[in-house]
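Worth saying up front: this structure is predicted, and the values here are computed from it rather than measured. Read the numbers this way: they start at 1 and go in the same order the structure lists the ligands and their atoms.
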Amino acid sequence: MESWRAPEVPSLPVPGPEVRLHDTRTREVVPTRPEGPARLYVCGITPYDATHLGHAATYLAFDLLNRAWRNAGHEVHYVQNVTDVDDPLLERAEATGVDWRELAEQQTELFREDMVALRVLPPENYIGAVEAIPLVVDLVQRMEKAGAVYRLEDDLYHAVDADPAFGEVSGWSREEMLEVYPERGGDPDRAGKRDPLDAVVWRGRREGEPSWDSPLGPGRPGWHVECAAIALEHLGMDFDVQGGGSDLVFPHHEMSAGEGQLAHPGSRFAKVYTHAGMVGYDGEKMSKSRGNLVFVSRLREAGTDPMAIRLALLRHHYRDDWEWTDAELDDAVATLTRWRSAFSAPAGAPAGPVTEEVLGALADDLDAPRALAAIDAWAAASAASADSADSSDALDPAAPALVADLADAALGLRV
Ligand code: 5CA
Ligand code: ZN
């Protein structure tokens with residue numbers, strides 16, 4: 001499907017350091033060492049009730065990674081999916097009496113508009129589950145050849161016991177897995193399964209549900225295999241980073257990695273698995289099923305500057321779980337006012353040290369709060385020197401434009 005319009009990104013006079021990133025599998029911050037273009041897959045939305053601030057925070061985290069890699073001199077090949085056919089989307093369409101295709105198209109378009117407003121760099125390949133069906137069929141057939149698929153009535157299951165590496169991505173115990181599985185699309189209690197944790201890779205046709213003819217029989221893709229198939233087609237095995245929110249660690253990323261690896265024995269799915277924390281509101285994780293959502297589009301309609309939304313979200317480290325409050329937005333608006341005045345001043349404090357600090361912070365596991373604090377400190381120092389006759393000589397007329405470009409290139413904040 002169509003991706004969205006790319007924002008302009010200024011080029012910086014100095015390169016950033018190599019990027020280090022937290023890896024869920026090893027539970028360590030590790031260097032990323034892209035060979036050729038850095039290859040990034042980030043799980044996309046299921047297009048109903050998009051885009052809430054939790055979604056936005058997760059996509060901003062990986063946008064920081066995309067920018068940090070580019071600033072370190074890498075090209076980036078970014079792929080994202082849209083889960084445009086799956087149970088929760090179909091259920092919502094049914095409940096609201098809207099055609100599921102129409103719901104998906106409307107919500108995907110709203111998401112694109114939100115991403116443009118937030119200056120998120122678009123993926124090169126933006127791929128819907130529906131358009132990926134031939135890829136899914138191909139991957140399931142490869143898994144079948146590896147002896148990792150069995151049939152239960154009209155459905156095909158990924159047999160997790162065929163995979164000696166099962167559990168490696170999340171590092172979770174079976175008890176932990178079994179506890180969340182039913183809430184996250186799993187069907188542990190279905191009679192006839194070999195292992196309660198086995199996951200559907202092809203769901204046979206049901207009355208009243210969309211389905212596609214295929215050599216696997218009529219049906220539709222399972223969720224995890226959708227992402228595995230799209231990532232493999234566009235990035236290949238052993239790509240650099242698989243990303244998403246922490247609610248995708250298990251089962252989604254565990255299963256999609258396993259499915260890729262079963263079909264391509266001997267290589268790893270992703271080198272690094274990185275997860276963003278959950279944004280809450282009113283005491284609970286912001287989620288479609290709980291309905292406690294704050295939407296980017298609603299804030300925009302109410303006249304909120306999208307850069308204030310972006311700044312407020314970036315005040316929190318991407319790995320933290322945190323709770324949104326409306327006060328965060330007021331704070332961000334005040335910060336933008338201070339920055340705007342410093343960026344339009346005739347001179348400012350030297351740009352060299354703040355550039356080094358901002359690029360260094362972002363390359364160090366995407367530490368946006370530290371990067372923002374460095375620009376705050378630069379703006380405050382510039383304003384203080386401008387007010388003092390003694391130190392105004394130390395101000396550099398080139399600095400405001402350089403730091404404005406830095407905020408844009410590294411943090412996506414065009415002020
Ligand atoms: N389509 C699947 C991924 S293939 C999916 O999870 N879609 S989603 O619309 O439910 O979520 C989109 C992204 O937002 C995922 O990476 C998810 O982990 C993330 N996300 C969802 N809720 C939150 C939240 N409250 N805070 C932070 N990130 C969230
Ligand atoms: Zn996914």
Does a salt bridge link [X] with [Y], judged by any charged N lying under 4.0 Å from a carboxylate O?
X: D365; Y: R370; answer: no
X: R119; Y: D408; answer: yes
X: R340; Y: D305; answer: yes
X: R338; Y: D376; answer: no
X: E153; Y: R205; answer: no

Using modelled atom types and a 3.5 Å cut-off, is there a donor and acceptor pairing between side-chain atoms of [X] and backbone atoms of [Y]?
X: S3; Y: P123; answer: yes
X: K285; Y: V279; answer: no
X: E323; Y: D282; answer: yes
X: D198; Y: V160; answer: yes

Indicate, as side chain, backbone, both or neither, the part of N81 found under 4.0 angstrom from ligand 1 when only non-hydrogen atoms are considered.
->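 The answer is the side chain.
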For ligand 1, note which part of T46 has a heavy atom under 4.0 Å away: side chain, backbone, both or neither.
->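 It is both backbone and side chain that touch ligand 1.
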Ligand 1 atoms in contact with [X] (distance to a heavy atom under 4.0 Å):
X: C227; answer: 4 (S)
X: T83; answer: 1 (N), 2 (C), 4 (S)
X: C43; answer: 3 (C), 4 (S)
X: G244; answer: 16 (O)
X: T58; answer: 16 (O), 19 (C), 27 (C), 28 (N), 29 (C)

Tell me, which N, O or S atom in H252 is closest to the Zn ion (ligand 2)?
->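 Going through the N, O and S atoms of H252 one by one, NE2 ends up nearest to the Zn ion (ligand 2).
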If you measure every N/O of [X] against every N/O of ligand 1, is any gap under 3.5 Å?
X: S246; value: no
X: V279; value: yes
X: H252; value: no
X: M278; value: no

Counting heavy atoms only, which of D49, D321, L248 is nearest atom 15 (C) of ligand 1?
-> L248
Return the option from V42, D247, I230 holding the heavy atom at the smallest distance from atom 18 (O) of ligand 1.
-> D247
Tell me whether [X] reaches ligand 1 (any heavy atom closer than 4.0 angstrom to a ligand atom).
X: A276; value: no
X: G44; value: yes
X: G277; value: yes
X: H52; value: yes

Is it true that some N/O/S atom of C43, main chain or side chain, lies under 2.8 Å from the Zn ion (ligand 2)?
->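 Yes, within the cut-off.
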Is the distance between the Zn ion (ligand 2) and the nearest N/O/S atom of C227 smaller than 2.8 Å?
->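 Within the cut-off used here (under 2.8 Å), C227 does place an N, O or S atom near the Zn ion (ligand 2).
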Would you confirm whether the ring centroid of H275 sits within less than 6.0 angstrom of the ring centroid of H253?
-> yes
Measure from NZ or CZ of R194 to the centre of the six-membered ring of Y150, then state whether that distance is under 6.0 Å and the direction lies within 45° of the axis.
->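 Yes, cation above the ring, under 6.0 Å and within 45°.
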Result of checking Y126, Y59, Y78 against W4 for ring pair (Phe, Tyr, Trp, His ring centres under 6.0 Å) | Y126
